[in-house]
Amino acid sequence: MSLLDAARTVRENAWAPYSKFKVGAALRTPSGAVYVGCNVENAAYPEGTCAEAGAIAAMVAAGETEIAEVAVIADSPDPVSPCGGCRQKLAEFAAPDAPVTMATIAGVTETRTISELLPGAFRKSSMEKG
Ligand code: THU
C-alpha cells in the first residue's frame, strides 16, 4: 500500500463531528515502517488533535523518531495543507528535505519539502549557542 493510500484509509476513521472535515496522515520512517493518524475532535474544541499529530504519536510510541516521508489527505478543494502547528511538529522529526505529499480525495496531489512548508524552522539547534 502506498503512503497516500495508507493516509486515505485511516482518514475514514477520523472523528470530526464538528468540522465535518476528515483528515488522514501517514508517515514513513527510514526503517520502512508506516505510522498513520487521523484527526480526533472534541466537544471542547481546542482539545481536538490533527491527523499529523496522531501519526507522530504512533511513531514515537513505537520507538521511532525519524520521519523520511509524509502524506496527508482530505476532501479539500486543493491539496490539504498541514496547519502551522503540524508543520512545526513534523519538523521536529523530519529533515528539511523530507517530502510531504498533500492530496485531495479527488486525486490532486502536491509535494513540498519540510523546509518549503516551514522555512527557518525553530529547531533544537536554535537553542544551542554557537
Ligand atoms: N486538521 C488536521 O487534522 N490536519 C491539518 O493539518 C489541518 C487541519 C484537522 C483539524 C480539525 O479537526 C479539522 O481538520 C478542521 O480544522
Side-chain angles (χ1 to χ4, degrees):
M1 187 190 277
S2 74
L3 203 56
L4 194 51
D5 282 343
R8 189 192 311 274
T9 299
V10 71
R11 176 183 168 275
E12 295 299 323
N13 295 337
W15 178 250
Y18 307 106
S19 72
K20 315 277 189 215
F21 188 71
K22 292 183 166 196
V23 184
L27 55 86
R28 195 187 313 278
T29 66
S31 75
V34 170
Y35 299 95
V36 296
C38 55
N39 52 332
V40 181
E41 298 183 348
N42 193 282
Y45 289 7
E47 298 303 327
T49 51
C50 285
E52 297 89 329
I56 290 169
M59 174 191 75
V60 174
E64 296 210 61
T65 54
E66 206 180 321
I67 297 173
E69 194 185 344
V70 183
V72 190
I73 190 166
D75 193 11
S76 41
D78 300 305
V80 66
S81 176
C83 77
C86 285
R87 291 173 193 221
Q88 182 70 31
K89 290 181 177 79
L90 291 170
E92 179 76 11
F93 302 104
D97 64 350
V100 179
T101 295
M102 301 163 282
T104 69
I105 289 296
V108 183
T109 65
E110 188 181 326
T111 301
R112 294 280 178 264
T113 64
I114 287 286
S115 64
E116 285 173 323
L117 292 178
L118 189 64
F122 181 80
R123 289 178 173 274
K124 186 169 175 282
S125 60
S126 310
M127 295 181 282
E128 291 162 359
K129 286 186 187 165

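Note that CD1 of I114 is 10.0 Å distant from CD of Q88, once rounded to the nearest 0.5 Å. With rounding to the nearest 0.5 Å, the separation of OG1 in T101 from CD1 in I73 is 10.5 Å. Note that the OG atom of S2 and the CZ atom of R28 stand 8.0 Å from one another [nearest 0.5 Å].
Contact annotation: the side chain of L117 approaches that of M102 to within less than 4.5 Å [non-hydrogen atoms, C-beta and beyond]. Put simply, the side chain of V108 does not reach to within 4.5 Å of the side chain of D78, judged on heavy atoms. Two residues are said to be in side-chain contact when any heavy atoms from C-beta on lie closer than 4.5 Å; V70 and L90 meet this criterion.
Defined by atom type and a distance below 3.5 Å, a donor-acceptor pair is missing between the side-chain atoms of T104 and S76.
Nearest heavy-atom pair, N42 versus A44, reported as atom, atom and distance to 0.1 Å: OD1-N, 2.8 Å. Shown here for A71 and A7, the closest heavy-atom pair between the two residues is O-CB, 3.8 Å. Nearest approach of C38 to V10, heavy atoms of both residues: CB-O, 3.6 Å. Residues R11 and V23 approach most closely at CG-C, 3.8 Å, considering heavy atoms. Nearest approach of A26 to L3, heavy atoms of both residues: CB-O, 3.4 Å.
The closest donor-acceptor contact from the side chain of K22 to the backbone of E12 lies under 3.5 Å. At distances below 3.5 Å, at least one donor-acceptor pair connects side-chain atoms of N39 with backbone N or O atoms of F21. Checked by atom type and distance alone, the side chain of E110 never pairs as donor or acceptor with a backbone atom of P79 at under 3.5 Å. In this structure, the side chain of R123 engages the main chain of A91 through a donor-acceptor pair within 3.5 Å.
Linking ILVMFWY side-chain heavy atoms closer than 4.5 Å, directly or via other members, places I105 and V80 in two distinct hydrophobic clusters.
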Inset, instruction - Kindly indicate, with the supporting measurements, whether the criterion side-chain contact (heavy atoms from CB on, under 4.5 Å) is fulfilled by V100 and E116. - result: CA-CA 10 Å; V100 179; E116 285 173 323; over 6 Å; no
Please tabulate, for side-chain N and O atoms in residues 50-64, each donor-acceptor pair with protein atoms closer than 3.5 Å (sequence neighbours left out).
from: E64; atom 1: OE1; to: T29; atom 2: OG1; distance (Å): 2.9
from: E64; atom 1: OE1; to: S31; atom 2: OG; distance (Å): 3.2
from: E64; atom 1: OE2; to: T29; atom 2: OG1; distance (Å): 3.2
from: E64; atom 1: OE2; to: S31; atom 2: OG; distance (Å): 3.1
from: E64; atom 1: OE2; to: Y35; atom 2: OH; distance (Å): 2.7

